[in-house]
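Each remark here refers to the structure printed beneath this line.
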Amino acid sequence: MEQSNNDNTLKSPVIQEIIMSNRIGAIAVIIAKKFDIDNITALKLFYESKTCANLHDKSTGLYLYSDLYIVDDFLIEMQNKQ
């Protein structure tokens, strides 16, 4: 009974949004370090990216990958824009 209750809690849209927000924050910190920029600028760049849109789109499966993989995907996206 306890396990089922935990599963339902984790599936809550509010909990899912908290988890996604935490992941995006961690991703922004990695981006900030790689580009030597402040965290807020990194967060803005990431939120405006196709990679971020793909992260939110469950059909892409990107949410299943590690934060470092997602950062690499973002870096490739930025290189392709140049």
Side-chain angles (χ1 to χ4, degrees):
M1 183 71 161
E2 183 68 31
Q3 181 65 29
S4 178
N5 196 17
N6 285 339
D7 289 344
N8 289 336
T9 301
L10 291 174
K11 291 178 183 175
S12 158
V14 173
I15 298 298
Q16 290 296 311
E17 188 58 34
I18 290 168
I19 293 168
M20 183 64 76
S21 295
N22 284 332
R23 286 198 70 192
I24 290 172
I27 290 165
V29 168
I30 297 167
I31 292 168
K33 288 179 182 176
K34 286 193 178 282
F35 283 117
D36 195 26
I37 57 177
D38 66 274
N39 293 339
I40 299 299
T41 302
L43 188 62
K44 184 175 186 283
L45 285 172
F46 186 70
Y47 266 121
E48 294 171 348
S49 72
K50 179 68 175 161
T51 303
C52 186
N54 288 341
L55 180 60
H56 283 90
D57 181 354
K58 297 282 189 204
S59 71
T60 67
L62 188 60
Y63 72 98
L64 298 169
Y65 290 85
S66 72
D67 293 349
L68 291 175
Y69 181 94
I70 295 167
V71 169
D72 284 345
D73 198 52
F74 172 79
L75 294 175
I76 291 167
E77 177 184 347
M78 293 298 104
Q79 287 174 347
N80 289 337
K81 284 186 176 184
Q82 294 178 359

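Residues V71 and I40 are members of separate hydrophobic clusters, defined by side-chain heavy-atom contacts under 4.5 angstrom among Ile, Leu, Val, Met, Phe, Trp and Tyr. No continuous path of ILVMFWY side-chain contacts below 4.5 Å connects V29 to F46, so the two sit in separate hydrophobic clusters.
Between the OH atom in Y47 and the CD1 atom in I24 there is a gap of 4.0 Å [rounded to 0.5 Å]. Summarising the geometry, atom CE belonging to M20 is positioned 8.0 Å from atom CD1 belonging to I27; distances are rounded to the nearest 0.5 Å. To the nearest 0.5 Å, atoms CD1 (I37) and CD1 (I31) are separated by 7.5 Å. We find the OG-CD1 distance between S12 and I19 to be 9.0 Å, quoted to the nearest 0.5 Å. With rounding to the nearest 0.5 Å, the separation of NE2 in H56 from CD in E17 is 5.5 Å. To the nearest 0.5 Å, the span separating OG1 on T60 from CG on L55 amounts to 7.5 Å.
Minimum interatomic distance between Y63 and R23 (heavy atoms only, all atoms of both residues): O-NH1, 2.6 Å. Shortest non-hydrogen contact noted between A28 and A42 is O-CB, 3.3 Å. The two residues S49 and C52 have their closest heavy-atom pair at OG-N, 3.0 Å.
Residues D73 and Y65 have side chains not in contact (no heavy-atom distance under 4.5 Å, counting atoms from C-beta outward). I70 is listed as a side-chain neighbour of L62, based on a closest heavy-atom distance under 4.5 Å. Contact of the L75 side chain with the F35 side chain is registered, since non-hydrogen atoms from C-beta on lie closer than 4.5 Å.
Legend: side-chain hydrogen bond (donor to acceptor under 3.5 Å, both in side chains) pairs involving residues 27-36, not counting sequence neighbours: none detected.
With sequence neighbours excluded, the residues that form a side-chain hydrogen bond (donor to acceptor under 3.5 Å, both in side chains) with T51 are E77.
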